[in-house]
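Along the sequence shown, residues carry numbers from 1. The basis for the numbers below is simple: all heavy atoms, side chains too, and nothing from hydrogens, waters or symmetry mates.
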Amino acid sequence: MVLESRLAELLQGQAKKFINGFNAEHLNLGLLSGFLELRNLALNPEPLDELFLGSDLPFVVKAGTLSSAMLQLSLMQGELEILIDGLTLVVAPACKWLTREEVYQHRTNEMERLEFVHMRSQSQRRSLEREMFRKLFSDYLSRIKITVKNVHTRFEVEDELSSFGAGPPLALGLVINSCDVTPVATRSTSPGAPDGVARGEAELLLAERVQLKGLLLYQEGGAKTLVPWNLYQSTRGCELGIFQKLSQEQFIHMMDRTRQAHLAAASQLLPSTDVSIKVDLKSQSLFTDCHVENCLTLEVVICLQNPSRLRVTAGIVEGMRWLVRRALDFQMWPFLHALHGKPANGIGRWHVLRSFIHLKRRIQGNAYNLHDAIRMRMNCKEYIRLYKKKFNGPQSSFHWRRSLPPLTAEDATRLGLIELSYPADKLVNFRMMAQTEMKTETSINSFAEEGALGDVKRSPRSQVWQVRELTPMEQLHLHGQHGFGANIFRGLPPPPSNLKVRIDIVAPLGLWWVCKLGKVADESSWTVALDAGRQPVRLLLVDSISDNSVFGTLEVPRTFSTTSRPVAVLLARSEVVDRWTAHCGVEGGKTMDSDGDARGF
């Protein structure tokens, strides 16, 4: 216990970023067997909230627990096994009020990702990405095996969707009994081939196999909220989060009781099924007009090992539409909050609402009025001027820029305000224009410096060398025919993709998908059903590397029986579909009768 206490003190600084209330009681250490176990953990929602924010998803984690997390290290084989058991999360939609620091950090991360793509040539990016994935798998992922058991994630929406009636309108849940992620050793290639790959063959950079067992989706309408929003708001600043007022044991008991209730229910959104996933990342040759380059191909094969059963309602579709609109609105909040701050009265809230609608038109629709267009052009010129100042001063790597005035604190503040006002793609376009000007100025000043300091005798006037930047007329010719006009409003064009994605979804035992068009409790509403119970169904999605198009192919093998059909789309009343399902034994894994009788419809 003394060793665990000492280790807990050493891990306290890093563990508190992910775990609330971490101490030596949560730690179990075995030096001889080579394992480290953490037990009965209350998760800190902040890292997941930052992940949602970085992905532009309007979600927050209300509460989360982890029963056990164990690291098993094998020193002889150099392998690491991660065992996670009892992961429970409650997620809710929210629009978080962002501070300037959070907005600026989010914008900086976006610009860094875009700069990596746009400020390198396509061949450089292909080489960097290929080498990165190869080292990532060979050094790390090929030595790690991950096993996750008893996962329960619940998504709760309170008083925001009016179409679901009274009470909490919607609750969705995801349950996974076990998930095994196992690396596959890459095949050794013939010797003498370049980079260890035989000529004409694809190099396997990453190979993972994922086995999901007991995958279940459920829906609750008008159910009790396990973690009310008021409880979450009142305990956000507490050290233990919601567990300051709600015991951790009670939260785990409620989540487990909800899980057991839906496991025993007959009508789940997606009944319990097993899924196997095969993920391969390869480097293949791409033949262009001039030479041969390598591109990455991601192949994902999803195989449903049980008959595919899916029940969807119109409320689910409406909730998905609401979620898309909420996500689009959430993308506007960083721009709005950075300019106005939190309103204090009704006039301030009305001003924020008008600014929100104005920003929605400008950011999402890319539509500018005359006033915004002129202001953006002026801000573009000022941003380029200030951005180039970052490379001035005595410490500059460019010799000729050391005599130019450096960036002051006032200039840095103004530069940050401009970065808070525009999307990341527009700012990266500004930076690329500044980089182009600096390259041209470097060429001009380097040539002038060499001519002034040369050994050739020149007139005294010609030997005078003075550092200069581009004039406005030279900037106009440099940035194209329109100068600082239309090019800055379009933003950056999407770069050519280096990744070709191929997703293959296979249902060898057929499928039975039902979509109820009315309310869940209304048996007189209409229902659409897709039945392919006797046939293996395959859906193939291929992403083109030359453009943003996606090709989809649905394959249904041809039936050789004249009395049965490979696939059928049925439209009937909900009560008729339920009787037909019970009569044909669809839920039990059976299929339609051999004669394909559908007289009930």
Side-chain angles (χ1 to χ4, degrees), residues 45 48-62 91-100 102-114 117 153 155-164 168-172 174 219 229 312-343 348-369 372-373 376 419-429 488-495 497 543 548-550:
L48 293 176
D49 293 345
E50 294 178 358
L51 179 62
F52 288 142
L53 177 62
S55 304
D56 291 331
L57 296 176
F59 300 145
V60 293
V61 177
K62 290 183 177 180
V91 184
C95 281
K96 181 182 177 182
W97 195 273
L98 305 177
T99 62
R100 286 180 180 266
E102 292 176 329
V103 174
Y104 188 77
Q105 184 64 34
H106 177 58
R107 196 69 44 78
T108 302
N109 295 336
E110 287 182 323
M111 288 190 292
E112 289 178 355
R113 291 194 295 264
L114 290 176
V117 174
T153 302
F155 178 76
E156 297 179 343
V157 183
E158 297 182 52
D159 301 330
E160 298 193 38
L161 295 176
S162 59
S163 59
F164 287 88
L170 178 64
L172 298 176
L174 169 67
Q219 172 196 357
W229 183 258
V312 183
T313 62
I316 296 293
V317 178
E318 183 65 25
M320 294 175 62
R321 290 179 55 191
W322 170 85
L323 184 60
V324 171
R325 292 194 302 265
R326 186 65 174 270
L328 293 176
D329 292 342
F330 183 75
Q331 296 175 5
M332 300 297 101
W333 281 91
F335 303 95
L336 188 64
H337 292 186
L339 295 177
H340 299 283
K342 190 172 182 179
R349 287 191 291 270
W350 175 249
H351 182 55
V352 170
L353 180 61
R354 292 185 60 186
S355 301
F356 177 79
I357 298 174
H358 182 73
L359 278 173
K360 192 177 181 66
R361 181 176 66 251
R362 179 168 67 86
I363 301 299
Q364 293 183 352
N366 202 24
Y368 297 86
N369 55 32
D372 291 336
M376 185 175 181
E419 291 180 347
L420 292 175
S421 303
Y422 295 100
D425 60 333
K426 301 291 192 301
L427 297 172
V428 173
N429 192 19
I488 67 173
F489 304 116
R490 297 194 188 104
L492 291 173
S497 176
D543 179 21
N548 294 327
S549 60
V550 178

J.: Can you tell me how far apart CG (Leu48) and CG (Leu53) are? Round to the nearest 0.5 Å.
T.: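 Leu48 atom CG to Leu53 atom CG measures 12.5 Å (nearest 0.5 Å).
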J.: Can you find a pair of side-chain heavy atoms, one from Arg361 and one from Asp372, that are under 4.5 Å apart?
T.: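 No, too far: nothing below the 4.5 Å cut-off.
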J.: Could you please spell out the steps behind the side chain to side chain contact (heavy atoms under 4.5 Å, CB included) verdict for Asn366 and Lys426?
T.: CA-CA 11 Å; Asn366 202 24; Lys426 301 291 192 301; 3.7 Å; yes
J.: From His106 NE2 over to Asn109 CG, what is the distance, rounded to the nearest 0.5 angstrom?
T.: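 His106 NE2 to Asn109 CG: 8.0 Å, rounded to 0.5 Å.
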J.: Kindly indicate whether the side chain of Val91, heavy atoms from C-beta on, has any atom under 4.5 Å from the side chain of Glu156.
T.: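 The answer is no; the side chains never approach within 4.5 Å.
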J.: What is the ring orientation for Phe489 with Tyr368, classed by angle as parallel under 30°, tilted 30 to 60°, or perpendicular over 60°?
T.: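 Tilted: the ring planes of Phe489 and Tyr368 meet at 30° to 60°.
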J.: Report the C-alpha distance between Arg113 and Thr108 in whole Å, list the side-chain angles of each, state the deciding distance to 0.1 Å, and finish with yes or no for side chain to side chain contact (heavy atoms under 4.5 Å, CB included).
T.: CA-CA 9 Å; Arg113 291 194 295 264; Thr108 302; over 6 Å; no
J.: What's the shortest heavy-atom distance between Phe59 and Pro93, and which atoms?
T.: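 Smallest interatomic distance, heavy atoms only, reads CD2-CA, 4.1 Å.
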J.: Please report the interatomic distance CZ(Arg107) to CG(Leu427), rounded to the nearest 0.5 Å.
T.: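 Atom-to-atom, Arg107:CZ and Leu427:CG are 7.0 Å apart.
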J.: Is there a side chain to side chain contact (heavy atoms under 4.5 Å, CB included) between Tyr422 and Ile488 once you walk through the steps?
T.: CA-CA 11 Å; Tyr422 295 100; Ile488 67 173; over 6 Å; no
J.: Determine, stepwise, if the pair Leu174 / Phe155 fulfils side chain to side chain contact (heavy atoms under 4.5 Å, CB included).
T.: CA-CA 9 Å; Leu174 169 67; Phe155 178 76; over 6 Å; no
J.: If I take atom CG from residue Leu57 and atom CG from residue Asp49, how far apart are they, to the nearest 0.5 angstrom?
T.: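 The CG atom of Leu57 sits 11.5 Å away from the CG atom of Asp49.
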J.: Once rounded to the nearest 0.5 Å, what's the spacing between atom OH of Tyr104 and atom CE of Met111?
T.: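 It is 6.0 Å, given to the nearest 0.5 Å.
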J.: Give a yes or no answer on whether the side chain of Gln364 reaches the backbone of Leu328 with a donor-acceptor pair at less than 3.5 Å.
T.: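 It does hold such a pair.
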J.: For residues Arg362 and Ser421, report the shortest heavy-atom separation together with the two atoms involved.
T.: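 Closest pair (atom of Arg362, atom of Ser421, distance): NH2-O, 3.4 Å.
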J.: Using 0.5 Å steps for rounding, measure from the CG atom of Asp425 to the CG atom of Leu114.
T.: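 So the CG of Asp425 and the CG of Leu114 are separated by 6.5 Å.
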